[in-house]
There are 2 protein chains.
Amino acid sequence: MTDINFSRSAAHPDSQGAAGTYPAPRAGEMRWDIIELLFFAYRDFVGDADQELEAFGFGRAHHRVMHFVYRYPGLKVADLLDVLRITKQSLGRVLKQLLDEGYIIQKTGNNDRRQRLLYATAKGEALVAKLAGLQTDRITRALRDINPEGVAAISQFLRAMIDRDDPDKVLEAIFGTGSKKPRE
Amino acid sequence: MTDINFSRSAAHPDSQGAAGTYPAPRAGEMRWDIIELLFFAYRDFVGDADQELEAFGFGRAHHRVMHFVYRYPGLKVADLLDVLRITKQSLGRVLKQLLDEGYIIQKTGNNDRRQRLLYATAKGEALVAKLAGLQTDRITRALRDINPEGVAAISQFLRAMIDRDDPDKVLEAIFGTGSKKPRE
DNA sequence: CAAGATATGTCAACATGACTGACATAAATT
DNA sequence: AATTTATGTCAGTCATGTTGACATATCTTG
């Protein structure tokens, strides 16, 4: 009654009207498996944090900002924009809330006094730690039965999935092409 | 000048005021590496499709709907809601557009005439194939230098990241706990 | 020093894709 | 006949993204 029709048959006959007018689908080559596993894995991975964030009146945008500010103390606003790939205006709203509510503080740059360097407060650190704890628990569980070679393959795969043209400061740190390292 | 302060030092002194009033951060146990790799990998993975979708005047929501309708022909509206974890109203808007523009067709259920079974048209299939092609290219590139054991570990890891309580019909198909299989 | 470039902040208007709550219809179940 | 289920839709709201314009402070350059 509530079954999906999972048959391997082609789409409904009515949907075949224009068949042949589009490029060959090369369906056999598609990595449907990885595509769908990434969708579900990421959905549940971020879902962990979403529940907690509600209690704070925050959303995913706040989490992303807090995370990178905590991890890379002294991050500039411009660097954050590169990492998150959003506009100044979008970041502004979220950042203002985090500043107002005391999760982040700004410090004027030493060399360049135009810069506002961002740091997590103790309150901000606690939030990041809580959320990272939930996500780490899920990751640890998922890695439990995988040997070191397997874990290395996972790490290599995820790295290779990331665009390397024009890497931002955080990516340089992650890939070790910069000389500096993230916190912890 | 445009450098992040990547120092390992603690957060800015002003941020330490309330230290000790929050749970111990257990920072050493955190899988910062995987957390951040997942963020960047998924960002760039979905970014592939985003560009193409703009040309069609569609967004990510349309992609997700098209993908699962193509992959699981005859999917019901209710099943789609389970998979995407959005509300009927949210899905309604996107689905209506895809129906109106001829990417998807509905067919009244045989056993239960209340159901509207969903199928991709040839036009819809072409769109899904195009987007899956881009994502498959990225995945294939990322897997190029990884041996079969490594690929197995990646698959196992992604599966283990997914919540298994109350799995929807699509997840049952992916995990093989249902008897039916997806298309292709 | 004056001029221009840069880093940041902010205003207004708008789009997308989520949400809640309420209600309608047709069809199946009890 | 009454109830439940599957779907569709209306109205309003919210979070988070967008563009374009403009202001201010500060650094760099001619």
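Model, not experiment: these values are computed from the prediction. Each chain gets a letter, A, B and so on, in the order the sequences are listed, and its residues count up from 1. Note that these values count all heavy atoms, side chains included, but never hydrogens, waters or copies made by symmetry.
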Correct closest heavy-atom pair for B:H67 and A:I35 would be CE1-CG2, 3.8 Å

Among the candidates D:dT7, D:dT5, C:dG17, find the nucleotide nearest to the side-chain atoms of B:R114. D:dT5

Scanning both residues in full, the closest heavy-atom pair of A:T136 with B:E29 reads CG2-O, 3.5 Å

What about the rings of B:F58 and B:Y103, do their centers lie closer together than 6.0 Å? yes

Could you tell me whether B:R64 sits above the aromatic face of A:F39, with NZ or CZ closer than 6.0 angstrom to the six-membered ring centre and within 45 degrees of the axis? no

Does the side chain to side chain donor-acceptor pair (under 3.5 Å) test come out yes or no for B:R144 and B:T140, once each step is laid out? CA-CA 6 Å; B:R144 191 183 297 146; B:T140 303; over 6 Å; no

Counting only heavy atoms and a strict 4.0 angstrom limit, can you tell me which residues of residues 85-104 of chain A come near DNA chain C? A:K88, A:Q89

Side-chain atoms of A:R116 come closest, of C:dT8, C:dA5, D:dT7, to C:dT8

Hey, does the Lys NZ or Arg CZ of A:R183 hover above the aromatic six-ring of A:Y72, less than 6.0 Å from the centre and inside 45° of the axis? no

For B:Q106 and for A:A61, find the nucleotide of DNA chain D with the closest heavy atom, then tell me which residue's nucleotide is more 5'. B:Q106

Take atom CG of B:D79 and atom P of D:dT5, then tell me their distance rounded to the nearest Å. 16 Å

Here the distance between atom P of C:dA27 and atom CG of B:N110, to the nearest Å, is 14 Å

